[in-house]
Chemist: 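Have a look at this one.
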Amino acid sequence: MIKVLNVAEKPSVAKSVATILSRNQLRVRDGRSRYNKIFEFNYSINGQQCHMLVTSVTGHLMEVEFEDRFRKWHSCDPADLYTAPVRKYVPEDKLDIKRTLEEEARRCHWLVLWLDCDREGENIAFEVMEVCKGVNRNLTIRRARFSALIERDIHEAAQNLIAPNQWFSDAVDARQEIDLRIGASFTRFQTMLLRDRFVIDSAQDDRNLVLSYGPCQFPTLGFVVERYWEIQSHEPEEFWTINCTHRSDEGLASFSWMRGHLFDYTSSVILYEMCVEEPTATVTKVQQQEKLKYPPYPLSTIELEKRASRYFRMSSEQTMKVAEDLYQAGFISYPRTETDSFSSRTDLHTIVQEHQEHPVWGSYAQRLLDPGAGLWRNPSNGGHDDKAHPPIHPTKFSAGESRWSQDHHRLYELVVRHFLACVSQPAVGAETVVEIDIAGERFSASGRVILAKNYLDVYRFESWGDSMIPTHVQGQQFIPATLTLDSGVTRPPPLLSEADLLSCMDKAGIGTDATMHDHIKKLLDRFYVTKDANTRFSPTNLGEALVMGYDDMGYELWKPNLRSLMEYDMKEVSVGNKSKAEVLATCLQQMKACFLDAKVNKVKLLEAMAIFFNRSDRSNGDDSSALGENVRPCGLCQEANMVLKKNRDGNFMVGCSGFPQCRNAVWLPGPVLEATITNNICNSCTPGCIGGCDETLRQLIEICGTGSRVQARGRPPTTTPSNGPPTTTPSNPQRSNSRQAPCIYCYQTGHASTDCPSRISATRHVQSHGMNQQNGESSIPCSTCGTPCVLRTANTANNRGRKFYSCSSQACNFFVWEDSLNNGSAPRSAPRQNISSSASNPSRRGGRGRGVQNAGRAGDVTFVSATGEPISGRRCFVCGDPSHFANACPSRGS
DNA sequence: GCAAGGTC
């Protein structure tokens with residue numbers, strides 16, 4: 001009888017394969033590794049009787065590493081790591097598996113490889129082959145190709161064995177080698193360059209800090225930094241929108257402007273005024289239609305991580321840890337899968353049946369199985385299939401185990417509810433959209449009534465709002481209860497959440513479903529990013545400085561393109577279009593050139609780090625001689641010295657070495673080519689004067705202003721010193737005078753918001769357009785701002801001669817028709833309710849404005865209504881001064 | 001001390 005050694009990628013697969021092939025008639029014995037059992041049984045392959053031994057590895061059996069003489073960090077120039085010999089070897093913790101394979105292979109005739117059918121699996125197959133052939137050269141080697149652990153697939157695979165695919169394996173070899181060489185060279189380079197030169201305060205012991213670089217971790221960091229920069233450089237922009245409401249017996253309907261919003265105030269006011277003049281609304285369209293909200297696709301790893309993060313704020317790392325636990329205990333299926341569609345052969349009903357007894361969702365499971373309820377629906381297909389694992393689904397019923405943590409309970413519940421949702425009908429709603437026309441401007445309001453919740457009954461994590469809208473009929477006319485011109489300001493997008501970050505990585509092909517959470521954790525472990533309570537990521541100074549340094553070199557080493565290109569090449573290798581050697585040669589040659597260039601431009605990294613960190617006295621750097629010279633004691637914190645530095649743009653600054661606790665700094669104008677410290681002390685001022693008595697420099701500062709710190713990327717200092725204003729030095733007179741709150745309209749200082757020239761002209765335009773001011777008396781106080789109102793007469797077409805009160809403040813557009821105040825019975829063409837504008841009245845906007853989501857100019861922008869006050873917490877992104885916005889930053893003049 | 005990819 002032929003003895004066949006079968007090897008699977010993991011113990012669970014070995015067990016499944018053995019169980020299926022033996023029809024559960026098998027013997028089990030231990031191997032040398034406690035996890036990797038050996039199953040024995042007889043089986044016929046193509047009519048040939050075989051004695052089968054089925055065992056497993058645990059993923060890769062081998063690792064790739066540099067030869068010993070290159071392993072010590074100081075053993076060679078990191079550039080040598082692009083050519084240093086590497087070897088594949090079985091690490092210590094896999095030696096017992098290797099011995100099992102060797103012992104069994106010696107006694108076998110055939111080796112059949114049951115590794116996962118992807119590139120990594122193929123590579124592991126070649127590792128197994130190498131070990132087995134090492135002890136038995138006469139082995140006949142075959143590959144089993146299967147896509148699911150079900151009877152038909154496994155038997156088919158066993159009867160149709162094929163040859164291993166060298167190209168697939170080669171692609172992984174190339175990836176491994178490239179990752180190692182790039183990762184090790186850049187990690188050693190940047191760690192040895194930066195760690196000892198700076199006091200990196202994030203690390204408790206920065207002597208042991210490793211500043212790692214990796215082709216997956218850096219693009220992941222890049223996503224975080226890029227979003228952060230986007231937020232920092234966002235300049236709030238005011239916009240205007242017209243809203244109106246209609247009150248009827250059934251309630252209030254809120255209509256929003258179908259133009260969305262305009263950024264031009266004058267245009268908005270003109271359109272608004274047209275509406276005010278002819279406020280009769282005509283219903284132009286009433287549309288009712290059924291809307292469906294579909295259940296999610298079957299659960300893949302990334303979706304599991306994203307949803308656990310969104311619903312429970314669990315980190316992706318914790319999610320995978322708990323999922324692995326549940327999987328090991330048999331409660332859920334294999335948790336590392338890209339597949340989001342169920343095979344038609346999966347018995348979905350049986351899985352639902354198991355949950356009928358559950359105290360919480362059991363009744364829902366019963367309804368699902370009741371054909372009369374009509375709740376069942378075959379799950380939709382998400383379009384991904386890794387050909388190895390089904391979507392994550394419950395495999396064993398549990399009403400909760402006593403040893404489970406809260407996270408175990410939550411995750412199991414998510415998996416079960418998600419599964420039940422997948423086999424349920426979509427929620428059904430009836431949506432009503434009403435459109436109206438006021439003076440040619442169109443507005444719409446919508447409402448929704450949920451007719452059947454269906455899957456939402458079990459998937460408590462999702463909701464679908466119910467909102468009633470009073471009945472309207474086409475052609476109906478009404479006078480709005482309110483018609484307002486509201487304003488808001490654009491807001492930057494939020495920081496990336498963990499779910500966002502996973503989506504970015506998924507989209508760019510960074511990492512795999514099984515490793516993405518590792519890359520995120522690595523960024524946290526390396527102190528490159530922090531995560532707040534809302535699972536949103538910010539770069540640390542360290543993370544930002546590293547990205548900034550490479551960005552300044554002009555390299556996109558922190559962007560996902562590099563990985564994408566590598567992936568493309570790997571694909572070419574795996575289909576035989578390119579050879580492993582060819583891809584390795586070109587890729588490593590390019591990366592080495594890039595590395596050597598980075599070494600030449602290391603000053604960019606040093607400069608970026610110098611923005612955020614103090615120099616360390618451990619430094620023996622060769623590039624610091626021109627930097628860090630003491631000028632004088634810092635007059636602000638009186639603790640540290642002011643030192644002469646050069647920033648990353650090549651500009652000089654004299655900054656407090658107590659940074660970031662103290663941010664005292666003088667920025668010398670860009671045209672200054674050289675700055676040195678001399679022993680000369682001028683006669684006209686006290687020691688410590690910087691440039692104030694140097695007439696040439698004084699004029700330069702007048703002409704050019706002072707440079708900003710990181711103006712291009714818009715990174716503000718993160719804190720302002722507690723013991724004084726950010727920076728008030730003789731060289732920056734504009735900044736020292738800018739403590740007055742800026743105008744909320746133009747963000748300039750020098751005038752109050754109520755006196756903003758831009759508003760005055762806009763208001764005047766409105767007045768001249770439609771209304772004549774009378775020399776009326778101030779008879780009532782403005783209900784908005786309290787300023788006395790003036791009685792005026794309208795001379796517009798529809799309201800000529802009609803009187804209204806309007807606020808005498810030019811910054812407040814409140815007005816009210818006189819006749820509407822008297823008895824509430826308005827003339828025929830007049831509105832029944834007050835119609836007032838709040839456009840230029842800051843104090844009213846808070847109560848009027850509507851939050852508008854995702855309607856901004858640039859991508860993922862959120863708008864909210866303005867409060868009328870300068871937005872608290874917002875500060876100039878250029879210099880960090882809260883007294884003005886970026887548009888008015890004195891430094892921008894240069 | 002370094003990467004990323006498998007896995008218990």
Side-chain angles (χ1 to χ4, degrees), chain A residues 7-15 31 33-37 56-66 70-76 78 81-82 84 86 88 90-91 93-94 96-97 115-128 168-169 171-192 195 203 205-220 320-321 323-325 327-329 334-336 386 388-389 505 509-519 521-522 525-526 557 562-563 566-567 570 588 591 595:
Chain A
V7 183
E9 188 158 324
K10 43 191 165 272
S12 63
V13 173
K15 188 179 179 186
S33 153
R34 55 185 287 219
Y35 301 111
N36 306 85
K37 311 281 183 199
S56 54
V57 288
T58 48
H60 276 289
L61 189 56
M62 296 180 162
E63 281 178 12
V64 58
E65 189 46 284
F66 294 109
F70 293 94
R71 308 246 317 233
K72 290 262 183 237
W73 278 38
H74 292 278
S75 65
C76 64
L81 297 177
Y82 286 90
V86 291
K88 265 190 121 172
V90 180
D93 60 342
K94 298 285 175 72
D96 47 4
I97 298 176
L115 287 306
D116 292 355
C117 292
D118 53 20
R119 292 202 312 237
E120 295 294 334
E122 210 63 31
N123 189 263
I124 299 170
F126 277 78
E127 293 171 358
V128 171
F168 265 43
S169 176
V172 173
D173 278 343
R175 191 223 11 104
Q176 287 176 337
E177 194 176 324
I178 292 168
D179 283 349
L180 176 66
R181 293 186 190 278
I182 296 175
S185 59
F186 273 95
T187 300
R188 290 184 191 182
F189 159 68
Q190 65 187 26
T191 304
M192 293 192 290
R195 183 179 58 194
D205 179 6
D206 59 4
R207 282 164 194 268
N208 289 325
L209 189 70
V210 173
L211 306 183
S212 64
Y213 176 91
C216 285
Q217 53 179 273
F218 246 59
T220 307
M320 292 313 291
K321 208 168 148 230
E324 180 68 27
D325 258 9
Y327 163 67
Q328 296 286 347
Y334 188 71
R336 286 178 287 275
D386 64 12
H389 306 285
M505 296 169 75
I510 302 299
T512 68
D513 53 331
T515 61
M516 282 181 187
H517 65 276
D518 285 336
H519 302 311
K521 181 168 185 292
K522 184 146 278 177
D525 291 346
R526 297 288 190 216
L557 288 169
L562 175 66
R563 190 69 182 173
M566 280 170 57
E567 282 296 325
M570 298 312 118
L588 290 175
M591 283 311 296
F595 178 82

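Letters A, B, ... mirror the listed sequences (proteins, then strands); counts begin at 1.
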Chemist: For A/Lys15 and B/dC8, give me the distance from atom NZ to atom P, rounded to whole Å.
Modeler: 13 Å
Chemist: Atom CG of A/Leu557 to atom P of B/dA3: distance rounded to whole Å?
Modeler: 16 Å
Chemist: Look at the side-chain N and O atoms of A/Arg336 and state whether any lies under 4.0 Å from the OP1 or OP2 oxygen of B/dT7.
Modeler: yes
Chemist: NE2 of A/His60 versus C1' of B/dT7: gap in Å, rounded?
Modeler: 10 Å
Chemist: Taking N and O atoms by type only, does the side chain of A/Gln190 place a donor or acceptor under 3.5 Å from a partner on the base of B/dC2?
Modeler: no
Chemist: Of the candidate nucleotides B/dG6, B/dT7, B/dA4, which contains the atom at the shortest distance from the side chain of A/His519?
Modeler: B/dA4
Chemist: Considering just the side-chain nitrogens and oxygens of A/Thr515, establish if one lies under 4.0 Å of OP1 or OP2 belonging to B/dG5.
Modeler: yes
Chemist: Among B/dT7, B/dA4, B/dC8, which nucleotide sits nearest the side chain of A/Glu324?
Modeler: B/dC8
Chemist: Heavy atoms only, 4.0 Å cut-off, all strands: where does A/Thr191 land among base, sugar-phosphate and nothing?
Modeler: base
Chemist: Think A/Arg526 has a side-chain N or O under 4.0 angstrom from the OP1 or OP2 of B/dA3?
Modeler: yes
Chemist: Between A/Ile182 (CD1) and B/dC2 (P), how many Å, whole number?
Modeler: 17 Å
Chemist: A/Leu81 or A/Thr512: which one's nearest nucleotide on DNA chain B is closer to the 5' end?
Modeler: A/Leu81
Chemist: What's the OH-P distance between A/Tyr82 and B/dC2, to the nearest Å?
Modeler: 17 Å
Chemist: Does the ring of A/Tyr334 carry A/Lys10 above it, NZ/CZ under 6.0 angstrom from centre and within 45° of its axis?
Modeler: yes
Chemist: Can you confirm whether A/Phe168 sits close enough to A/Asn123 that some side-chain heavy atom of one is under 4.5 Å from a side-chain heavy atom of the other?
Modeler: no
Chemist: Is the distance from OP1 or OP2 of B/dA3 to the nearest side-chain N or O of A/Gln176 less than 4.0 Å?
Modeler: no
Chemist: Reading DNA chain B from 5' onward, which residue's closest nucleotide shows up sooner: A/Tyr334 or A/Gly183?
Modeler: A/Gly183
Chemist: Of the options B/dT7, B/dG1, B/dA3, whose atoms approach the side-chain atoms of A/Thr187 most closely?
Modeler: B/dA3
Chemist: Report yes if a side-chain nitrogen or oxygen of A/Lys522 is closer than 4.0 Å to either non-bridging phosphate oxygen (OP1 or OP2) of B/dA3; otherwise report no.
Modeler: yes
Chemist: Given B/dA3, B/dC8, B/dG5, identify the nucleotide with an atom nearest to the side chain of A/Pro11.
Modeler: B/dC8
Chemist: Quick check: closest heavy atoms across A/Leu209 and A/Arg195, and the distance to 0.1 Å?
Modeler: O-NH1, 2.8 Å
Chemist: Compare the minimum distances between each of B/dG6, B/dC8, B/dG1 and the side chain of A/Ala514, then state the nucleotide with the smallest one.
Modeler: B/dG6
Chemist: Give the rounded distance in Å between these two atoms: NZ of A/Lys10 and P of B/dG6.
Modeler: 10 Å
Chemist: What class does the angle between the rings of A/Tyr82 and A/Phe595 fall in, given that below 30° is parallel, 30 to 60° is tilted and above 60° is perpendicular?
Modeler: tilted
Chemist: Taking the side chain as everything from C-beta on, heavy atoms only, tell me whether A/Arg181 gets closer than 4.5 Å to A/Met591.
Modeler: no
Chemist: Without decimals, in angstroms, what is the distance between A/Trp73 CH2 and B/dA3 C1'?
Modeler: 12 Å
Chemist: From B/dT7, B/dA3, B/dG5, pick the nucleotide closest to the side chain of A/Arg563?
Modeler: B/dG5
Chemist: Using atom types as modelled and distance alone, determine if a side-chain donor or acceptor of A/Thr515 lies under 3.5 Å from a backbone N or O of A/Gly511.
Modeler: no
Chemist: Rounded to the nearest Å, what distance is computed from the OH atom of residue A/Tyr213 to the P atom of nucleotide B/dA4?
Modeler: 9 Å
